[in-house]
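What follows is a single structure, written as structure tokens, with notes after it.
Both ligands and their constituent atoms are indexed starting at 1 by order of listing.
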Amino acid sequence: MASFEFSHKGLQAWVNEVADLCRPESVVVYGDSREEYNFLCEQLVSAGTFKRLSSSLRPGSFIANSDPADTARVEEKTFICSQKAVDAGPTNNWIDPNVMKARLEPLFRGSMRGRTMYVVPFLMGPEGSPFSRIGVELTDSAYVVLNMSIIARTGAQAMNALGTDSDFVRCLHSCGRKANSGDSGAQTWPCDPERMAIAHFPEERLVWSYGSGYGGNALLNKKCFALRVASCIARDEGWLAEHMMILSITNPQGRKKYFTGAFPSSCGKTNLAMLKSSFPGWEVKTVGDDIAWMHFGADGRLYAINPEAGFFGVAPNTSVKSNPNAMRALACNTIFTNCALTPDGDVWWEGIGREAPDGTLDWREQRRSKPDRECGDAAASSAQAPLSHPNARFTSPAANCPSMDEEWENPNGVPISAILFGGRRSTTIPLVCEARNWTHGVFIGANLSSETTAAAAGQVGRLRRDPFAMFPFCGYNIGDYFSHWLSLGQNPAHVLPRIYQVNWFRKNPQGQYLWPGYSDNMRVLKWIFERCDNEHKVVETPLGGLPEKEAIDTKGLSISAENLGDLLTVRKEDLQTEISSIRIHLQRLGGRVPASLFRELATMEEKYSGL
Ligand code: OXD
Ligand code: MN
């Protein structure tokens with residue numbers, strides 16, 4: 001085994017300790033040079049994990065297919081191992097940290113035998129930012145290393161930040177191997193789904209992930225560090241680590257504002273962050289598509305950085321229509337996972353907007369022919385096995401994306417004027433409404449909900465409450481998390497952003513969408529932009545302030561007055577159901593839910609009775 005001398009003693013001790021436990025054949029520090037990146041890609045091609053895509057159609061890009069039992073984040077196998085169960089709270093699986101370590105240690109023992117252990121230092125946030133944080137992932141997966149080098153800042157930037165004594169979050173990852181599978185290091189996608197566990201030890205700023213090589217289970221910088229562990233650090237230090245996209249809007253006069261937005265998975269957060277405005281004179285640019293770290297600045301305003309350096313986006317339904325900027329971002333130097341592979345060496349997925357050629361290999365490497373060819377919306381293909389997995393992904397550098405904002409790597413972050421909460425709601429929730437104040441905004445975030453889609457297992461159309469879109473990602477008691485948000489609103493020095501609820505997914509009784517969505521969401525962003533400048537009046541309702549119908553700019557849009565009216569209507573009968581559903585939800589979240597949220601519910605009920 002190669003031995004390494006790190007000038008950081010803490011890192012040295014930890015690397016030695018893990019190597020002793022996991023017994024890799026060698027230890028390699030990943031420095032993120034072009035040569036190292038290419039070398040690992042070649043290694044994965046030889047191993048059969050990667051296939052190189054056509055160099056003319058998709059230069060510098062590769063496709064990988066995972067083990068069919070390892071295709072998504074697994075919430076049931078994700079644990080918050082805080083010292084006390086109550087600190088993990090009702091939204092997390094809790095196991096005592098000592099019990100979890102005793103359970104996982106035998107699985108990690110020798111788990112890297114026959115493999116290389118990569119040491120991957122990474123920086124979350126722009127270089128030189130006071131808000132950036134350091135992590136180190138030790139992993140036995142070259143696939144993980146390559147994905148990390150796209151979505152995080154690895155190599156010299158991270159090493160320099162680490163120095164000889166900086167704090168860092170320790171992320172240990174091993175794909176493991178299935179019980180009784182022999183000792184072959186030769187599988188194209190090693191994993192141990194039966195015994196998989198993703199364990200967070202928030203008090204120790206430590207993550208242990210065993211048994212999965214996929215996405216958020218294995219790229220520990222993202223959901224594990226930047227949300228679950230970072231949310232605990234943020235609570236302790238008075239800032240916010242959120243599951244939010246960040247975008248900028250520039251108006252025709254050249255004035256710019258930044259918004260963040262929390263949307264549960266599968267509600268078009270990436271599409272919104274990369275929205276291509278079809279609205280003359282208005283421009284949207286991207287700062288981040290998934291995670292925002294936010295701090296109040298010396299001027300009292302809230303500033304956000306995107307801790308990531310790339311996108312790990314859901315491929316199905318990404319098309320030139322739904323997200324032209326993402327399509328440009330994944331044009332080259334991209335890793336695709338669980339997409340279909342066309343005979344000419346390009347990728348394909350349901351909803352890409354063109355037909356799959358005959359002989360396309362599906363994500364399970366089965367050759368598929370004519371009757372299976374599909375085009376259009378992913379939902380339409382559900383009658384047959386899809387060619388791409390519903391959670392197929394692209395991993396692309398942010399630098400590829402033509403809509404990145406000039407300030408996206410500003411070390412001080414960008415000042416936030418508005419926070420959006422949105423989900424898929426076919427009824428009840430209007431196209432947009434404005435929170436009355438910060439506390440009401442926190443109430444809206446706490447009750448955020450969305451109807452489940454065909455892309456996720458389980459019943460379609462069921463309402464799931466996903467507070468702040470953080471249900472799977474808040475590393476501590478969600479009641480304390482609400483209190484943390486509320487407390488930031490009580491500091492008189494803070495200049496608070498306005499809070500809005502949006503819903504692009506309302507339907508008429510015939511089940512048709514009332515709003516065109518996509519680039520026309522710009523019309524709603526424009527109204528919010530103008531509201532932040534105190535333009536327009538709002539119509540008060542129990543859900544918050546709604547736009548007057550004529551305030552939503554519909555120039556060039558063919559929408560009937562009836563549909564627009566429906567989109568901006570709060571119905572009394574819907575509210576009754578909503579109020580009881582919110583009450584059940586808040587009660588279920590247990591004793592640490594702050595009383596002021598129940599007071600907000602009482603206010604909503606009073607306003608409802610007065611209708
Ligand atoms: C994601 C998610 O992968 O939210 O970003 O599930
Ligand atoms: Mn996400």
Side-chain angles (χ1 to χ4, degrees), residues 66 70-78 91-92 124 144 147-148 150-152 198 200 209 212-231 240-247 260-274 286-294 304 306-318 323 326 329-330 334-339 349 378 388-396 398 401 420-424 445 448-458 464-475:
S66 75
D70 186 23
T71 56
R73 283 188 293 104
V74 184
E75 289 174 23
E76 313 83 83
K77 301 199 177 179
T78 300
T91 56
N92 286 308
M124 299 305 285
V144 164
N147 278 269
M148 296 262 302
I150 295 175
I151 63 169
I198 299 96
H200 305 70
S209 167
S212 165
Y214 205 91
N217 298 332
L219 312 175
L220 303 184
N221 65 300
K222 192 170 173 70
K223 304 298 186 183
C224 298
F225 176 173
L227 289 176
R228 298 195 190 95
V229 172
S231 62
L240 295 164
E242 300 300 326
H243 189 203
M244 291 182 178
M245 61 93 215
I246 313 165
L247 55 73
T260 59
F263 293 74
S265 306
S266 185
C267 290
K269 187 152 57 80
T270 301
N271 293 349
L272 184 63
M274 297 181 190
T286 312
V287 176
D289 82 321
D290 197 40
I291 299 177
W293 284 359
M294 300 191 283
N306 170 10
E308 303 193 272
F311 311 113
F312 182 67
V314 175
N317 279 333
T318 304
N323 195 336
L330 50 81
T334 293
I335 299 170
F336 296 90
T337 311
N338 287 346
C339 299
W349 47 78
S388 68
H389 187 279
N391 191 36
R393 298 282 178 152
F394 58 84
T395 315
S396 301
C401 179
L420 277 47
F421 292 112
R424 287 176 182 269
L448 186 60
S449 59
S450 194
E451 284 146 21
T452 49
T453 63
R464 172 178 148 131
R465 298 262 165 209
D466 185 351
F468 288 73
M470 284 288 276
F471 193 101
F473 306 123
C474 180

ask   = For ligand 1, which atoms have a heavy atom of Asp290 less than 4.0 angstrom away?
value =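 Heavy-atom distances to Asp290 below 4.0 Å select 5 (O).
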
task = Measure up the Trp293 and Phe225 rings against each other and bin them: parallel (under 30°), tilted (30 to 60°), perpendicular (over 60°).
result =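 Tilted, since the angle between the ring planes falls between 30° and 60°.
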
In terms of residue, atom name and distance, what is the protein heavy atom nearest to [atom]?
| atom | answer |
| --- | --- |
| atom 2 (C) of ligand 1 | Ser265 OG, 3.2 Å |
| atom 6 (O) of ligand 1 | Arg73 NH2, 2.7 Å |
| atom 3 (O) of ligand 1 | Arg393 NH2, 3.0 Å |
| atom 5 (O) of ligand 1 | Lys223 NZ, 2.9 Å |

request  = Taking all heavy atoms of Ser396 and all of Ile150, pick out the closest pair and write down the distance.
outcome  =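 Scanning both residues completely, I find the closest heavy atoms to be C-CG2, 3.3 Å.
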
Identity of the N, O or S atom of His243 lying closest to the Mn ion (ligand 2) =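 Closest to the Mn ion (ligand 2) among those atoms: NE2.
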
request  = With the Mn ion (ligand 2) as the reference point, give the N/O/S atom of Asp290 that is nearest.
outcome  =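 Result: OD1.
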
request  = Using 2.8 Å as a strict upper limit, say whether an N, O or S atom of Ile291 approaches the Mn ion (ligand 2) that closely.
outcome  =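 Checking Ile291: none of its N, O or S atoms is under 2.8 Å.
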
task = Determine yes or no for a side-chain-to-main-chain donor-acceptor pair under 3.5 angstrom, with Arg73 supplying the side chain and Tyr214 the backbone.
result =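 No, Arg73 side chain to Tyr214 backbone: no donor-acceptor pair under 3.5 Å.
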
message = Would His243 count as being in polar contact with ligand 1, using the rule that some N or O on each side must be under 3.5 angstrom apart?
response =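 Yes, His243 has an N/O under 3.5 Å of an N/O on ligand 1.
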
